Asker: 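This is the structure I want to talk about, given as structure tokens.
Just so you know, residue 1 is the first one in the sequence shown, and it goes up from there. Since this is a predicted model, take the numbers as computed values, not measurements.
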Amino acid sequence: MDQHRTRTPQRAQPPQGRPAPPGGLDEATGAAGYPVAVAVAPAPAAGPGPGPRRGAPPVVLALRKFPNPRLTGIGAGLFAALAMFLLACVDRLLFGGSELVYGLLFLPVSALTALWVRPADLVTAPIIVPIAFAVGVIPVAGGTGGFGGQAMAVVTALAVQAGWLYGGTLIAGLIASVRKIRHMRERQRHLVRADRADRRPRA
């Protein structure tokens, strides 16, 4: 009798997946053992990043570190008068009451007064500066002979140094005018933005 040979059935092995090319289709083995194509997104190319931001100029950084108080009209007047009086005393002690030194020191004080006064009192800046100049000129005038002689010396010093007085007043007026214009523009922009914000919910 012929004996039939029995063969044990062998399970078919699923084909091994091939490595997917970059940006193409990847073949993966599914649950049933059949290859499944899977899309592989290419990695984004690393482009040149944004360049380094340029910092502010050194002058701007120095001005930002500078104190920026907001003085009232009376406070700015007291600051200007006291500063000019002290600078005039220093001028009299070190330089013998030099009119040139006093005039040169008056210009930065005028600029600082116009810069530090608050926006609501910008109109007072050109008025404060001449008063401060007259207060500070008393130690420099050097009058003698009582109150009358001192007053005449002050009037004479004001007449002689009228150029410095007009120059400092002009600087204060220009700075105050520029600040006033900028303040009005910023206020107008703020009103426009507020108006747009109010209209958006209604639309």
Asker: Is there a side-chain contact between F106 and Q161 (heavy atoms, below 4.5 Å)?
Answerer: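 Of all side-chain heavy-atom pairs linking Q161 with F106, none is under 4.5 Å.
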Asker: A172 and S110: which non-hydrogen atoms are nearest, and at how many Å?
Answerer: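 Nearest pair, atom of A172 first, then S110: CB-O, 3.9 Å.
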Asker: Does atom CZ of R187 have more than 12 heavy-atom neighbours from other groups under 6.0 Å away?
Answerer: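 No - once you tally the heavy atoms of other residues, nucleotides and ligands closer than 6.0 Å, there are 12 at most.
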Asker: Can you measure from CD (E99) to CG (L104) and round to the nearest 0.5 angstrom?
Answerer: 12.0 Å
Asker: To the nearest 0.5 Å, tell me how far L107 CG sits from L112 CG.
Answerer: 11.0 Å
Asker: Considering non-hydrogen atoms only, spot the tightest contact between P139 and C89 and give its length.
Answerer: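 Taking P139 first and C89 second, the nearest heavy atoms are CG-SG, 4.0 Å.
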Asker: What is the distance from atom OG1 of T169 to atom CD1 of I128, rounded to the nearest 0.5 Å?
Answerer: 11.5 Å
Asker: Examine V101 and I171 and state if one hydrophobic cluster contains both, with Ile, Leu, Val, Met, Phe, Trp and Tyr joined whenever side-chain heavy atoms are less than 4.5 Å apart.
Answerer: yes
Asker: Tell me whether I127 shares a hydrophobic cluster with L170, the cluster being built from Ile, Leu, Val, Met, Phe, Trp, Tyr side chains joined at under 4.5 Å.
Answerer: no
Asker: Does M152 share a hydrophobic cluster with V154, counting links as ILVMFWY side-chain heavy atoms below 4.5 Å and allowing steps through other members?
Answerer: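 Unlinked, M152 and V154 end up in two clusters.
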Asker: What distance separates R118 CZ from H183 NE2, expressed to the nearest 0.5 Å?
Answerer: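 One finds 11.0 Å between CZ of R118 and NE2 of H183.
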Asker: Rounded at 0.5 Å granularity, tell me how far OG1 in T124 sits from CG in L71.
Answerer: 10.0 Å
Asker: Using a 3.5 Å distance criterion without hydrogens, assess whether the side chain of D121 forms a donor-acceptor pair with backbone atoms of T72.
Answerer: no
Asker: Could you tell me which non-hydrogen atom of G173 sits nearest to which non-hydrogen atom of P126, and how far apart they are?
Answerer: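 Minimum heavy-atom contact is CA-CG, 3.8 Å.
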Asker: Ignoring hydrogens, what is the shortest heavy-atom contact between A125 and V117? Give both atom names and the distance.
Answerer: CB-CG1, 4.5 Å
Asker: With rounding to the nearest 0.5 Å, note down the distance linking CG in L100 to CG in D91.
Answerer: 9.0 Å
Asker: If you take all heavy atoms of R70 and P119, which pair is closest and at what distance?
Answerer: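 Where R70 meets P119 most closely, the heavy atoms are CD-CD, 4.1 Å.
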Asker: Show which side-chain atoms of residues 73-85 pair as donor or acceptor with protein atoms under 3.5 Å away, not counting sequence neighbours.
Answerer:
none

Asker: Linking I/L/V/M/F/W/Y whenever their side-chain heavy atoms sit closer than 4.5 Å, directly or via other members, would F95 and V140 fall into one cluster?
Answerer: yes
Asker: Would you mind listing every side-chain hydrogen bond (donor to acceptor under 3.5 Å, both in side chains) that reaches into residues 145-156, with sequence neighbours excluded?
Answerer: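 Matches after skipping sequence neighbours: none remain.
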Asker: Kindly work out whether a path of hydrophobic side-chain contacts (I/L/V/M/F/W/Y, heavy atoms less than 4.5 Å apart) joins Y102 to I138.
Answerer: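 In one cluster with Y102: I138, yes.
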Asker: List the atom of V137, the atom of A157, and the distance in Å for their closest heavy-atom pair.
Answerer: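 Closest heavy-atom pair between V137 and A157: CG2-CB, 3.6 Å.
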